[in-house]
A.B. asks: 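I'd like to ask some things about the structure below.
Nothing fancy with the numbering, it's 1 onward along the sequence. Just so we're clear, the structure is a prediction, and the values are computed from it rather than from any experiment.
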Amino acid sequence: MSSAPAADGPLVVGVDSSTQSTKVLVVDAATGRVVASGQAPHSVSSGAARESDPEEWWNALRTALDQCGEAAREAAAVSVGGQQHGLVTLDAQSRPVRPALLWNDVRSATQARSLVDRLGGPKAWAERVGIVPGPSFTVTKWAWLNEHEPEAARATAAVRLPHDYLTERLTGSGTTDRGDASGTGWWASGTEAYDEEILGLVGLDPELLPRVVRPGEVAGTVRGSGELPFSKGTLVAPGTGDNAAAALGLGLRPGTPVLSLGTSGTVYAVSRRRPADPTGTVAGFADARGDWLPLACTLNCTLAVDRVAALLSLDREAVEPGGAVTLLPYLDGERTPDLPHASGLLHGLRHDTTPGQLLQAAYDGAVHSLLGALDLVLDADADRSVPLLLIGGGARGTAWQDTVRRLSGRPVQVPEARELVALGAAAQAAGLLTGEDPAAVARRWGTAEGPVLPPVERDESALARIAEVVSDAAPLLGSAGHEDARP
């Protein structure tokens, strides 16, 4: 918990309801200064199922707001950013029918494969919806529920995403936004509306879905239930999915690339062109403003590299240059490149290879995948000299920074601001009060400001060596299009 002196302008609340916890920031809408914050955890089941009780998210929000004290009571507007893709099923009394199926619950792989075929293949999905269904996406989870738990599906009177659920608890109305809706698989990016043919394929009544609120529109006002510190009538913004909220939090302009280093790695950029990638590598998400947010994800990033460091009994920063060893840290399979059955692979080990060189090779393997995805995300005419915005848990690590610079040949900027999802939600709430574009609010707040690390010469030999190993080892790694769908 943190608090600070009185604000210069009205206060707004930004919420980040992620997989593991809910974080709240109370922000001065005039300056972007965080005047109070709070955080509370929630649990996720283990094993093949990845589920959470939505009531835990609500209770965590209440706890986090309580930690903010008086500042939360003074807030004039609130917005919720939330984990994407989760399937929340509510009964006629708006209570959860069952725990929510989260984005990383991949039990619906069989349903994903079937849906791709039933609509005419990957190209048809990409052109119509912007994404090619995999088990992460909501449409496949509803298909799984219909098949495996038909009684729960029949008992469902409303279908929501995680951020929708919390927004509805605040306002009493079922709403979502285009950013989060674009990750469901049943919102057509071409028409910006729910696709009734796809809903028919999975047996989902469109009446069960929330209204899609337009960017800048008020989703509702806080009900006076007394459960939260907000005053009755406090404005509630549309909210959005976590990646779109982070893009708002950075104040992204089209063409500025973001590379996020977390347990998984993510690359994205705002684009004015609607994406449609039939390979499924780039998810053609909408952003929360009216543009698009093409995004690609790798499964193995900081956690995989830390695991290699632990196996070598090294600190994560104990890298050494040199050597010709290649390490592909595909410890959980891989999504980009599409190798769902892959495991880690080590090639080129010599007597003189040092543990530090092995660790550097793990960094190289992870960053190689991310930079390959970045080339697919960026528009062809994007300026390649613009600094990469490096965010996420690994962004402040010297080894990560140096590896990204060496393999990209680009300058790298590390924003000072933390909690970008909550800041983006706060900027969206502030935009309701001022009439500004939320991304412009974030730019006014200076959220992306931070040191710019100059470019270094790109290590073409390392890039070529890794690409050759990935290509030559494809039979060992397991080729794309294996019996399981993309994770």
A.B. asks: Indicate whether the side chain of Ser108 and that of Thr140 have a donor and an acceptor atom separated by less than 3.5 Å.
C.D. replies: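 Yes - a donor-acceptor pair under 3.5 Å links their side chains.
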A.B. asks: Specify whether Trp292 and Trp187 have parallel, tilted or perpendicular ring planes, treating 30° as the upper limit for parallel and 60° as the lower limit for perpendicular.
C.D. replies: tilted
A.B. asks: Using a strict 4.0 Å threshold on nitrogen-to-oxygen distance, state whether Asp332 and Arg307 make a salt bridge.
C.D. replies: no
A.B. asks: Within this structure, what is the CG-CG distance for the pair Leu331 and Leu303, rounded to the nearest 0.5 Å?
C.D. replies: 8.0 Å
A.B. asks: Do the side chains of Leu359 and Val305 get nearer than 4.5 Å, heavy atoms only?
C.D. replies: yes
A.B. asks: Among Asp364, Leu407, Ile466, find the one that has a side-chain contact (heavy atoms from CB on, under 4.5 Å) with Asp459.
C.D. replies: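 Only one of Asp364, Leu407, Ile466 forms a side-chain contact (heavy atoms from CB on, under 4.5 Å) with Asp459, namely Leu407.
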A.B. asks: Only one of Val367, Ile391, Val377, Leu371 clears side-chain contact (heavy atoms from CB on, under 4.5 Å) with Leu259; which?
C.D. replies: Leu371
A.B. asks: Salt-bridge test for Arg107 and Asp105: reply yes if a basic N is under 4.0 Å from a carboxylate O, no otherwise.
C.D. replies: yes
A.B. asks: Sort and list the pairs that fulfil side-chain hydrogen bond (donor to acceptor under 3.5 Å, both in side chains) and have at least one residue in residues 407-419, not counting sequence neighbours.
C.D. replies: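 Found Lys23-Glu419.
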A.B. asks: Hey, does the side chain of Ser471 reach the backbone of Glu468 with a donor-acceptor pair shorter than 3.5 angstrom?
C.D. replies: no
A.B. asks: Got a donor-acceptor contact below 3.5 angstrom from the Lys141 side chain to the Leu102 backbone?
C.D. replies: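 Indeed, once roles are kept as given, a pair shorter than 3.5 Å links the two residues.
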A.B. asks: Which atom pair, heavy atoms only, marks the closest approach of Ala473 to Leu345?
C.D. replies: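 That would be CB-CD1, 3.7 Å.
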A.B. asks: Taking atom CZ of Arg50 and atom OG of Ser136, what is their separation to the nearest 0.5 Å?
C.D. replies: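 With rounding to 0.5 Å, CZ (Arg50) is 12.0 Å from OG (Ser136).
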A.B. asks: Per the salt bridge (charged side-chain N to carboxylate O under 4.0 Å, His left out) rule, what does the pair list look like for residues 287-304, sequence neighbours excluded?
C.D. replies: Arg178-Asp287, Arg272-Asp291, Asp287-Arg289, Arg289-Asp291, Arg289-Asp437
A.B. asks: Hey, does the side chain of Trp125 reach the backbone of Gly120 with a donor-acceptor pair shorter than 3.5 angstrom?
C.D. replies: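 Answer holds: no.
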A.B. asks: Salt bridge (charged side-chain N to carboxylate O under 4.0 Å, His left out): which pairs involve residues 385-402, sequence neighbours left out?
C.D. replies: Asp402-Arg405
A.B. asks: Measure from the side-chain N and O atoms of Thr22 to the backbone N and O of Leu61, and report whether any donor-acceptor pair falls under 3.5 Å.
C.D. replies: no
A.B. asks: Using side chain to side chain donor-acceptor pair (under 3.5 Å) as the criterion, list what pairs up with Ser21, not counting sequence neighbours.
C.D. replies: Gln39
A.B. asks: Checking the side chain of Glu334 only, and the main-chain atoms of Leu299 only, is there a donor and an acceptor separated by less than 3.5 Å?
C.D. replies: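 Yes, the answer is positive, given that a donor and an acceptor are paired below the 3.5 Å cut-off.
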A.B. asks: Has the side chain of Trp142 got a donor or acceptor atom that lies under 3.5 Å from a matching backbone atom of Val202?
C.D. replies: yes
A.B. asks: Between Phe137 and Phe285, what is the ring plane arrangement, given parallel below 30°, perpendicular above 60°, and tilted in between?
C.D. replies: perpendicular
A.B. asks: Between Asn300 and Thr298, do the side chains contain an N or O donor and an N or O acceptor separated by less than 3.5 Å?
C.D. replies: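 Judged by distance alone, the side chains do not pair up.
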A.B. asks: Under the 3.5 angstrom rule, does the side chain of Thr176 hit a backbone N or O of Val212 as a donor-acceptor pair?
C.D. replies: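 Side chain of Thr176 to backbone of Val212, a donor-acceptor pair under 3.5 Å: no, none is there.
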A.B. asks: Mind jotting down which residue pairs meet the salt bridge (charged side-chain N to carboxylate O under 4.0 Å, His left out) criterion with at least one end in residues 438-449? Sequence neighbours excluded, please.
C.D. replies: Glu436-Arg444
A.B. asks: Give every residue pair that meets the salt bridge (charged side-chain N to carboxylate O under 4.0 Å, His left out) criterion with at least one member in residues 314-328, sequence neighbours excluded.
C.D. replies: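 Salt bridge (charged side-chain N to carboxylate O under 4.0 Å, His left out) check on residues 314-328 returns Asp306-Arg316.
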A.B. asks: Kindly say whether Asp180 contributes a backbone atom to a donor-acceptor pair with the side chain of Asp177 at under 3.5 angstrom?
C.D. replies: yes
A.B. asks: Any donor-acceptor pair under 3.5 Å linking the side-chain atoms of Thr19 with those of Trp103?
C.D. replies: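 Yes, side-chain donor-acceptor contact under 3.5 Å.
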A.B. asks: With a 3.5 Å distance limit and no angle check, can you tell me whether Gln83 reaches the backbone of Gly241 through a side-chain donor-acceptor pair?
C.D. replies: no
A.B. asks: Find out whether Leu389 and Thr256 are in side-chain contact, i.e. whether some heavy atom of one side chain is under 4.5 Å from a heavy atom of the other.
C.D. replies: yes
A.B. asks: Answer yes or no: is there a donor N or O on one side and an acceptor on the other, between the side chain of His163 and the main chain of Pro238, under 3.5 Å?
C.D. replies: yes
A.B. asks: Tell me, with the steps shown, if Leu261 and Leu390 meet side-chain contact (heavy atoms from CB on, under 4.5 Å).
C.D. replies: CA-CA 7 Å; Leu261 301 169; Leu390 203 61; 3.8 Å; yes
